[in-house]
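Lettering of chains follows the sequences in order, A, B, ..., and the numbering in each one begins at 1.
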Amino acid sequence: MRVGSRLHRLAYFVRDAADEWRHSPGVNLLAVGTLVATLFLAGLVALVLANVDRHLDDERGSVQVHVYLRDSVEPALRQNLFLELTRTPGVAAVEYVDRDEALRRYRAWAERSAELVEEIDSNPLPASLDVTLTAGPGAERVGDAIVAGLVGRAEVEDVRYDRDWLARVEALLAVARLGGGALALVVFAAVVFVMASVLRLAVHARREEIEIMLLVGATPSFVRGPFLVAGLVQGMVAGVVALLGVEAARRGLTGWLGAESLALLGLATARPLPAGAAALVSAVGVLVSLSAAYFAVRRSV
Amino acid sequence: MIRVHRLCKLYPGGVTALQDVDLAVERGEFVFLTGPSGAGKTTLLRILLRQEVPSSGQVLVNGRNVAALPAAKVPELRRTIGVVFQDFKLISRKTALDNVAYVLNVAGLSRDEQRRRAYLALKGVGLQHRATAYPAVLSGGEQQRVAIARAVVNEPDLLLADEPTGNLDPDLAVEIMRLFREINARGTTVVVATHDRDLIQRMQRRTIVLERGAVADATRATA
């Protein structure tokens, strides 16, 4: 088929789909509303997952091993350990924190707990070597190797490499992604079914018209065209409306929370939905709407 | 234009709609298809339009074997046949002009050409002043004239009409028949199924009589 002819057809499909909207807005609004609600919920879930994921990325980027030194350690031994750690592959930086600096940092950290700080009359904190690892997928392995190499050494009192919480959150996120993905498939299949049922009402209302179109020589694809174009546009509109709703909800929530409590919720809505996730939500909207339109019209044409 | 040989149509449950029908309609002819209700007139027209598939026999329309036509070729066949129904079958959400233009749209003509030719077709049936009206506000006679404009706008080789005057009063029926005669005079083969004997009498054209699914008389030209 010639390009001009294709464009002519497409223009007709768009005009006819718009005409159909004008004549039966109720059914079409119901279909779009169903999709908007579903995409809005999916967008909220994607927003929370993306924010938690980004926070975890930040955490991964600041992976540190705290090597607490015995008070009795000789400066030469401490310097040897400092150099040894500095030369270890995967280590970005090593900082020596003496006892006074450790206390100062603790006071700064605990300044809100005034009573607790006042009770400290002598310095119970050990000096430490704070080892910053190079961010990346190998950081955890390097951290584990450093811990394994230092535990039990005479100059080391304790080694803290508290990555368990990160591992736990990552495991939870993996489960959430897997479960969420499976749930999303089921939900979107259900939405395709519901939308197809709603759109079938529109198709049913036009069954005589479809019969006439076929009788005067229209091909089935020509008859289906406006329905599919309407499905495409409805999916795009629903995607945009749902994404605007997600962003409005995020802004409303962060405005309402301010800098106060519910830190976890604040963390989950701190930044807008990333462009990739937004594109995915829109694409799913279009796919669901197109599929629903196809299944709705397939029975009649 | 039409060749039917030993055509049979049986419906599930053993109902015989057509039995060993043989008939021929020449190019440019105007033929009435008549007979009592249930004689098989509508079934024959539905088969010519490939709305139904024969149980056996051969049906040639303009050289095409309708019975053996693959589904993908049916729209092509229908674009060469104009069709007029008793209940008009207009698309209610389209104006008179758009109803007529739809056939040209299907054929792939540009929008301007569609509208130009649709307007001329409406003018041909005296309805150019109702071009922007929707079917709901048109009278029965006007709706049927829009349907006729739609049937002929693509200049089909064959025009089939199934009880086209069944819902119209006698004066309007005569007016519709006058339009068919004009269309036929321009070279289109016209087949009109009707049980209106007065109309057949008045038109003086060859009449094929169907009774109980069989041809009772295919040569009668009412005098």
Side-chain angles (χ1 to χ4, degrees), chain A residues 1-29 31 199-230 233 293 296-301, chain B residues 45-46 48-52 70-85 87-95 98-115 118 134-136 143 146-154 156-160 162:
Chain A
M1 196 186 293
R2 288 182 295 111
V3 175
S5 184
R6 280 179 195 274
L7 286 177
H8 154 74
R9 272 193 167 205
L10 190 62
Y12 159 70
F13 291 164
V14 172
R15 276 199 311 275
D16 199 68
D19 197 36
E20 157 63 12
W21 255 89
R22 274 197 299 276
H23 278 80
S24 347
V27 169
N28 289 300
L29 275 176
L199 291 176
R200 205 168 288 144
L201 293 176
V203 175
H204 186 72
R206 292 177 64 182
R207 66 192 182 285
E208 278 190 33
E209 185 180 324
I210 290 170
E211 184 199 349
I212 295 165
M213 290 170 170
L214 293 171
L215 281 177
V216 300
T219 58
S221 64
F222 193 82
V223 176
R224 284 187 207 123
F227 290 98
L228 297 181
V229 166
V233 174
V297 78
R298 193 182 62 166
R299 282 194 179 184
S300 301
V301 189
Chain B
L45 293 190
R46 286 174 65 86
L48 293 175
L49 204 55
R50 241 310 273 277
Q51 280 180 279
E52 299 203 28
K73 293 279 180 191
V74 172
E76 208 175 293
L77 167 81
R78 289 178 179 171
R79 271 176 242 150
T80 66
I81 301 174
V83 60
V84 178
F85 302 93
D87 58 353
F88 323 129
K89 290 202 187 295
L90 297 178
I91 298 171
S92 60
R93 68 186 175 91
K94 290 186 187 289
T95 63
D98 286 339
N99 262 284
V100 177
Y102 187 77
V103 178
L104 304 169
N105 188 9
V106 166
L109 270 65
S110 73
R111 197 154 187 241
D112 286 345
E113 186 63 7
Q114 287 171 35
R115 297 179 83 79
Y134 285 90
Q143 288 189 58
V146 172
I148 291 169
R150 180 183 62 190
V152 299
V153 70
N154 207 19
D157 302 320
L158 174 64
L159 178 68
L160 301 177
D162 189 7

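Between the side chain of B:R78 and the backbone N or O of A:L214 there is at least one donor-acceptor pair closer than 3.5 Å.
Of the atoms belonging to B:I91, heavy atoms from both backbone and side chain fall under 4.5 Å from chain A. A:R22 does not touch chain B: none of its heavy atoms, backbone or side chain, sits under 4.5 Å away. Contact annotation for B:L90: only backbone heavy atoms (N, CA, C, O) come within less than 4.5 Å of a heavy atom of chain A.
Comparing B:N105, B:N154, B:V103, B:L49 by heavy-atom pairs within less than 4.5 Å of chain A, the highest count is held by B:N105.
B:R150 approaches A:I212 most closely through the heavy-atom pair NH1-CG2, 3.4 Å. Contact detail for B:V106 and A:G217: the closest heavy-atom pair is CG1-O, 3.2 Å. Listed here is the closest heavy atom pair of A:H8 and B:L109: CE1-O, 2.9 Å. Among all heavy-atom pairs drawn from A:L215 and B:V83, the shortest one is O-CG1, 4.4 Å.
Remark: A:E208 CD is loosely packed, at most 12 non-hydrogen atoms of other residues, nucleotides or ligands lying under 6.0 Å away.
Taking CZ of A:R15 as the start and CG of B:D98 as the end, the distance is 8.5 Å to the nearest 0.5 Å.
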